[in-house]
**Q** 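Take this structure first; my questions come after.
Quick caveat, the model's predicted, so the values are computed rather than measured. Within every chain, numbering begins at 1; the chains are lettered A, B, ... in the order of the sequence lines, protein sequences first and strands thereafter.
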Amino acid sequence: MKDLKRIEIIDLLQGKADDQIEKEICVKGWVRSKRGNKNIAFIALNDGTIVHNIQVVVELAQFDQDMIKRITTGASLRINGKLVESVGQEQNVEVQATEIEIYGEADPETYPLQKKGHTLEFLREIAHLRPRTNTFGAVFRIRHAMAFAIHKFYNDKRFFYWHSPLITVSDAEGAGEMFQVTTLDLDNIPRTENGKVDYSQDFYGRETSLTVSGQLEGELGALSLGKIYTFGPTFRAENSNTPRHLSEFWMIEPEMAFYELEENMNLAEEFIKYLVSYALENCKDDLEFLQSMYDKELVERLQHVVETDFVRLKYTEAITILEASNQKFEYPISWGVDLQSEHERYLVEKHFKKPVILIDYPKEIKAFYMKENADGKTVRAMDVLFPKIGEIIGGSQREDNMDKLVARMKEVGIDPKDMKWYLDTRRFGSVPHSGFGLGFERLLLFVTGMVNIRDVIPFPRTPKNAEF
RNA sequence: UCCUCCUUAGCUCAGUUGGUUAGAGCACAUGACUGUUAAUCAUGGGGUCCUAGGUUCAAGUCCUAGAGGGGGAGCCA
């Protein structure tokens, strides 16, 4: 077989290899389908670079029939052939095969993917193979594009990528149940004299867990480097069984010194709009595929978010709107209660019909580190609420006053002695600062139009499910 | 964790009031067709009816428990 330089399918289909037309080239990829008659076969070949396939035309008389029979859906091929303008309507160019090598066969009796559609639920059971489908190829290419855009956005704004630890010693935020990290022998746990687990013999000499948020360590970065962001995995051991929760998910947490709540909101809105714009500009083929298959209004909805000013609303005003709505809510609404999904959905999907940033929540329903307002009742929190997926961002201006922060810690039962390292940021050169957390997979739900969070991460981790 | 629905061929699903040998489409195999577009047409093979009990002359179908999955809720990002 002639040794020709391989051209990726995206370059062939997007005209970047048109200077090779009428010349012999090499393509490699996996067979999506093969069809034809006794004289000719058409192979749809995909290499993952783009949602579309290159059509390979095989004049059967020129090849060994036994080899051709072994080319089935899922097989991987190396093909040399002439790049030509296509006779067919569905593509501009195609490859007329001159030489074919089968890298790996895929037994059609046992290969689970077929050319006809599968349900997302079935594909979830074969998560190791589902990226070979058009749908998951599109989703994971978009996932990559969004990850890249996040780094680009913050780098362009002179934020520094800051790595908070994944193994932590505290659950200060109270964000949820934690996964314990230990090297103790669970069949033979060392005990202290009073019968408790003796963590002094554990790997770190103390009790440790996987992080539920990089925020507190992020604040340490912001109060020295100015503007930082984290982007990494986060773990919550809550028994949440919903299409919006994972026990292992990725979170982006910017933290900015000298930013007050207003600037925090501006950044959050600009950030989301930047990411959605980036997807519209750079993931066109994949978005159009997802739109055609799952969500007819996807691109329209994305454009709407880019063009619309988010509503900014105080919690107190939201309560007034909800009380005046005459809606029957399962959970009654009054000042001081946390908003339920039904309330958020009413505000976002019915009342305003656009994204809403809710601010100034009662301090009792928010975390201890949020800055208290002058009214003494509310804190400078902000939640960004999106249609369909609910809370996509949670953030706040942080309490920078040492005494108030310590008082709040005591109120919620945190021993300030355990948080000395955190309090040192307020003890020495404290400044106003703010930040927020964006759930990466929730963003992807919105951008891809997928409805189950298990379908926007390659290997989802949920209660009772850690296969692959 | 709570509520609710579902589980029948590799996949997606029918299956009547509980009654003979459990069906269809797709996929797969064989064949037909001179360029197809999730090709088409013909023929064929393919079943632990989720698991364990129970009711009954008789259970895919009714009852109980369990497992797995979907949707909704709570917790949250």
**Q** If you look at every strand shown and take non-hydrogen atoms under 4.0 Å, does Leu443(A) touch a base, only sugar-phosphate, or nothing?
**A**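 It contacts nothing in the nucleic acid.
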**Q** Name the pairing partner of G74(B), where a pair is Watson-Crick or G-U wobble with both distances under 3.5 Å, or state none.
**A**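 With both distances under 3.5 Å required, G74(B) matches none.
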**Q** Could you please name the partner base of G68(B), counting Watson-Crick and G-U wobble pairs only when both distances are under 3.5 Å?
**A**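 Pair assignment: G68(B) / C6(B).
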**Q** Partner lookup for G25(B), please. Criteria are Watson-Crick or G-U wobble with both distances under 3.5 angstrom; report none if nothing qualifies.
**A**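 Base partner found: C11(B).
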**Q** Write down the distance separating the C1' atoms in G69(B) and C63(B), rounded off to the nearest Å.
**A**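 Result for the C1' pair: 23 Å, nearest Å.
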**Q** Looking only at atom C1', what distance separates G23(B) and U16(B), rounded to whole Å?
**A**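 It comes out at 14 Å once rounded to the nearest Å.
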**Q** Need the pair for C62(B). Rule: Watson-Crick or G-U wobble, both distances under 3.5 Å, any strand; none if unpaired.
**A**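 Pairing partner: G54(B).
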**Q** Output yes when at least one side-chain N/O atom of Arg32(A) is less than 4.0 Å from OP1 or OP2 of U37(B), else no.
**A**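 No, outside the criterion.
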**Q** Which part of the nucleic acid does Glu248(A) contact within heavy-atom distance under 4.0 Å: base, sugar-phosphate only, or nothing?
**A**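 The residue Glu248(A) makes no contact with any strand.
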**Q** Give me the distance, rounded to whole Å, that separates G47(B) from A22(B) when you measure between the P atoms they each carry.
**A**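 Those two atoms are separated by 12 Å.
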**Q** Using the C1' atom as the reference point in each nucleotide, state the distance between G71(B) and A29(B) in Å, no decimals.
**A**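 It comes out at 39 Å once rounded to the nearest Å.
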**Q** What does Thr234(A) touch in the nucleic acid at a heavy-atom separation under 4.0 angstrom: a base, only the sugar-phosphate, or nothing?
**A**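 If one applies the 4.0 Å heavy-atom cut-off, Thr234(A) turns out to touch nothing in the nucleic acid.
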**Q** Would you kindly say whether Lys152(A) and Tyr278(A) are connected by a side-chain donor-acceptor distance under 3.5 Å?
**A**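 Looking only at side-chain atoms, Tyr278(A) and Lys152(A) do not form any donor-acceptor pair under 3.5 Å.
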**Q** Does Ser240(A) make a side-chain donor-acceptor contact with the base of C76(B), cut-off 3.5 Å?
**A**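 Flag unset: no donor-acceptor pair detected.
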**Q** Base, sugar-phosphate, or nothing: which does Phe42(A) touch, judged by heavy atoms less than 4.0 Å apart?
**A**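 Base, at least one base atom sits under 4.0 Å.
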**Q** Both distances under 3.5 Å, Watson-Crick or G-U wobble: report the partner of U20(B), or none.
**A**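 Because no pair has both required distances under 3.5 Å, U20(B) counts as unpaired.
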**Q** Which base sits across from G31(B) as a Watson-Crick or G-U pair, both distances under 3.5 Å?
**A**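 C41(B) - that is the nucleotide pairing with G31(B), both distances being under 3.5 Å.
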**Q** With a 4.0 Å cut-off on N to O distance, would you call Arg124(A) and Asp455(A) a salt bridge?
**A**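 Salt bridge flag = yes for Asp455(A) with Arg124(A).
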**Q** Looking only at N and O atoms, is any donor in the side chain of His118(A) or the base of C11(B) less than 3.5 Å from an acceptor on the other one?
**A**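 In this structure, the two groups form no donor-acceptor pair.
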**Q** Within the structure shown, what part of the strands sits under 4.0 Å from Pro108(A) by heavy-atom distance: base, sugar-phosphate, or nothing?
**A**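 Counting heavy atoms under 4.0 Å across all strands, the contact made by Pro108(A) is with sugar-phosphate only.
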**Q** If you measure from the P atom in G45(B) to the same atom in U4(B), how many Å do you get, rounded?
**A**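 It works out to 45 Å between them.
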**Q** Within the structure shown, what part of the strands sits under 4.0 Å from Glu94(A) by heavy-atom distance: base, sugar-phosphate, or nothing?
**A**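 Glu94(A): base contact, heavy atoms under 4.0 Å.
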**Q** Quantified in whole Å, what is the P atom distance between nucleotide U8(B) and nucleotide U48(B)?
**A**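 Their P atoms lie roughly 12 Å apart.
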**Q** Which is true for Glu391(A) with a 4.0 Å heavy-atom rule: it touches a base, it touches only sugar-phosphate, or it touches nothing?
**A**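 It contacts sugar-phosphate atoms only.
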**Q** Is any side-chain heavy atom of Val84(A) less than 4.5 Å from a side-chain heavy atom of Glu94(A)?
**A**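 Heavy-atom side-chain distance check passes, below 4.5 Å.
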**Q** Please give the distance between the P atoms of U7(B) and U43(B) as a whole number of Å.
**A**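 Looking at atom P only, U7(B) and U43(B) are 31 Å apart.
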**Q** Does the side-chain ring of Phe249(A) lie flat on the base of A77(B), meaning centres under 5.5 Å and planes less than 30 degrees apart?
**A**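 Yes, Phe249(A) stacks on the base of A77(B).
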**Q** Backbone N or O of Arg244(A) within a donor-acceptor pair of the Arg442(A) side chain at under 3.5 Å?
**A**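 The answer is yes, because a donor-acceptor pair under 3.5 Å joins these two groups.
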**Q** Could you tell me the separation between the OH atom of Tyr369(A) and the CZ atom of Arg398(A), rounded to the nearest 0.5 Å?
**A**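 Tyr369(A) atom OH to Arg398(A) atom CZ measures 5.5 Å (nearest 0.5 Å).
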**Q** Give me the distance, rounded to whole Å, that separates U20(B) from G46(B) when you measure between the C1' atoms they each carry.
**A**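 The answer is 23 Å between these two C1' atoms.
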**Q** Counting only heavy atoms not in Lys284(A) (residues, nucleotides, ligands), do more than 12 fall under 6.0 Å from its NZ?
**A**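 No, because the 6.0 Å sphere around NZ of Lys284(A) holds 12 heavy atoms or fewer from other groups.
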**Q** Output the single nucleotide from G69(B), U37(B), C75(B) whose closest atom is nearest the side chain of Glu90(A).
**A**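 Per side-chain heavy atoms of Glu90(A), the pick is U37(B).
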**Q** With a 4.0 Å cut-off on heavy atoms, is Gln340(A) in touch with a base, just the backbone sugar-phosphate, or nothing at all?
**A**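 Gln340(A): backbone/sugar contact only, no base atoms under 4.0 Å.
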